[in-house]
Protein chains: 2
Amino acid sequence: MPQKISENIQDYLKRIYEFTLSGGRASTNQLAQALGISAASVTNMVQKLSKTEPPYLTYEKHQGVKLTPFGEQAALKIIRRHRLIEIYLVEKLGYTWDEVHAEAEILEHAMSPLLEKRIDAALDHPKFDPHGDPIPDINLEIPEIEQTALSSLEIGNKGRVLRVPNEDPQVLRYLGKFGIRPGAHIKLISRTPYDQTMRIKITETGNEAVIGPSLGNKISIAKDS
Amino acid sequence: MPQKISENIQDYLKRIYEFTLSGGRASTNQLAQALGISAASVTNMVQKLSKTEPPYLTYEKHQGVKLTPFGEQAALKIIRRHRLIEIYLVEKLGYTWDEVHAEAEILEHAMSPLLEKRIDAALDHPKFDPHGDPIPDINLEIPEIEQTALSSLEIGNKGRVLRVPNEDPQVLRYLGKFGIRPGAHIKLISRTPYDQTMRIKITETGNEAVIGPSLGNKISIAKDS
DNA sequence: ATTATAATTTAGGTAAGCCTAATTTTTATT
DNA sequence: AATAAAAATTAGGCTTACCTAAATTATAAT
Ligand SMILES: [Mn+2]
Ligand SMILES: [Mn+2]
Ligand SMILES: [Mn+2]
Ligand SMILES: [Mn+2]
């Protein structure tokens, strides 16, 4: 019996969705760290969420969790709201892209279906949030997008930025300074042999930026053919 | 030590502020009904809120409660946010004035100082909400407005609507239908002797409306000289 | 294959904010 | 002044979502 779902549970489901996007299961520790709570609390909660009717997720001891289709729908509902809020704040209220994530993390839980509808309409049904993440549509359909990690680009080759990681404001300010944002065209200049640090050139701004491998793995691009 | 204040407590303080606006104290039952909880729970909470350092309110057994200046500041902070949200939803997102109260009741708790600032700026520092209630300014100052109840108008005399009650969507739709809104000019046509029901004429729309005494007491006007 | 380390789970407990039922105090009515 | 009714308080409990510490299970390193 699908009841009202607490804000905490909404965040659990959202995190699990994110961690299992590319297949596999979300681990207890992973979730504990992401949610800023103890592993014991996570175990407790996921056990509970696996025993609802219908269950939000499947839980196997020591094997982590995975959303059921039911749980995934619930997660997508919040993710839609989160991303709509982010793009609305940027487009209509003059926020910068490094400010919106924290704000959306709170507001997503306070958004009524009506507000969701009005914001969606005011932006003419936007397809992407400020960081390039796709916004699930009203039916919670989310487009599959062909994308690879910036790290996998070969030297001399070009690509177009699709999405950047959105949690860390510092990183976003760094990227923004060079014009590394969704839609930007970039070219890989060099990669150091030992630590795989990359130099890339951004076409639009003419800037060159240094990107380490872990950040490079979190930036998605479309490779130029 | 002014800590973070829970959403529940924010609502308590807001209600107490409203009930004590015209002096006096807020009673346990009054609060219980307004908050939709038991009287016992209210007693418990107000006792707690009277023992914080500094206290949010003064509590005397069986005598009801009254906000301290500290508690009043806390209440005004939420009220500012509530009313800013209401006017924003009407001005920028196409809400009607009967839809905004319920929405603001939730969003007020999720609003960051930054969002408050941006919304305030986007509306060019609005002074009133859609129902004519004054919005406390950034320093939480709230203007004293000379106002009387519609009920106290004499037959044949005129006035200008200042504010209407904002909780009940049905009432707001009724008033809206006749054009009874802040700024509207009205004239009292008649008052029945037994139950004090009034007929009023709205200048702008030419409509005539019937208003009972209890509603008439909740509509504020400025009398024409 | 042991053994050490890391991850996870279990056990027991806490704080917020509610509840109902019983009791006390205040207020209103005869 | 006595009594009835209404309002408020106290007592005892419950649920949610956390916590720490201890125990267990899985994984990695010898
Ligand atoms: Mn959140
Ligand atoms: Mn984002
Ligand atoms: Mn509220
Ligand atoms: Mn209002």
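In what follows, chains carry the letters A, B, and so on, assigned in the order in which the sequence lines appear, proteins first and then strands, with residues in each chain numbered from 1.
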Within a radius of less than 6.0 Å around NZ of Lys14(A), do more than 12 heavy atoms belonging to other residues, nucleotides or ligands occur?
yes
Separation of atom NZ in Lys4(A) from atom P in dT15(D), rounded to whole Å
19 Å
Output the rounded distance in Å from NE2 (His62(A)) to C1' (dA7(C)).
7 Å
Does dT9(D) have OP1 or OP2 under 4.0 Å away from a side-chain N or O of Thr28(B)?
yes
Mind calculating the distance between NE2 (His109(A)) and P (dT16(D)) to the nearest angstrom?
18 Å
Phe19(B) CZ to dA7(D) P, in whole Å, measures 14 Å
Start with the C-alpha distance between Ser27(B) and Asn29(B), add both sets of side-chain angles, then the distance that settles side-chain hydrogen bond (donor to acceptor under 3.5 Å, both in side chains), and finish with yes or no.
CA-CA 6 Å; Ser27(B) 78; Asn29(B) 271 349; over 6 Å; no
When you measure from the side chain of Tyr59(B), which nucleotide among dT9(D), dT10(C), dT25(D) comes out closest?
dT9(D)
Does a side-chain N or O of Gln63(A) approach OP1 or OP2 of dA7(C) to a distance below 4.0 Å, or not?
no
Pair Asn8(B), Ser6(B): side-chain N/O donor-acceptor within cut-off below 3.5 Å:
no
Look at Gln30(B) and dA7(D) and indicate whether a side-chain polar atom (N or O) is within less than 4.0 Å of OP1 or OP2.
no
Give me the ring orientation class for His131(A) and Trp97(A): parallel if the planes are under 30° apart, tilted from 30 to 60°, perpendicular past 60°.
parallel
Distances under 3.5 Å between nitrogen or oxygen atoms of protein and nucleotides 16-19 of chain C:
from, atom 1, to, atom 2, distance (Å)
dG17(C), OP1, Ser6(B), OG, 2.6
dG17(C), OP2, Lys48(B), NZ, 2.8
dC18(C), OP1, Asn8(B), OD1, 2.9
dC18(C), OP2, Tyr12(B), OH, 3.2
dC19(C), OP2, Ser38(B), N, 2.7
dC19(C), OP2, Ser38(B), OG, 2.9
dC19(C), OP2, Ser41(B), OG, 2.8

Applying the salt bridge (Lys or Arg N to Asp or Glu O under 4.0 Å) criterion to Arg80(B), which one of Glu108(B), Glu116(B), Glu141(B) satisfies it?
Glu116(B)
Taking CZ from Arg25(B) and C1' from dT26(C), how many angstroms apart are they, rounded to a whole number?
16 Å
With respect to the phosphate group of dA7(D), does any side-chain polar atom (N or O) of Lys61(B) fall under 4.0 Å of OP1 or OP2?
no
Whole angstrom is fine here: how far is it from CG in Asn29(A) over to P in dA7(C)?
6 Å
Check whether any side-chain heavy atom of Ile79(A) lies under 4.5 Å from a side-chain heavy atom of Asp133(A), and answer yes or no.
no
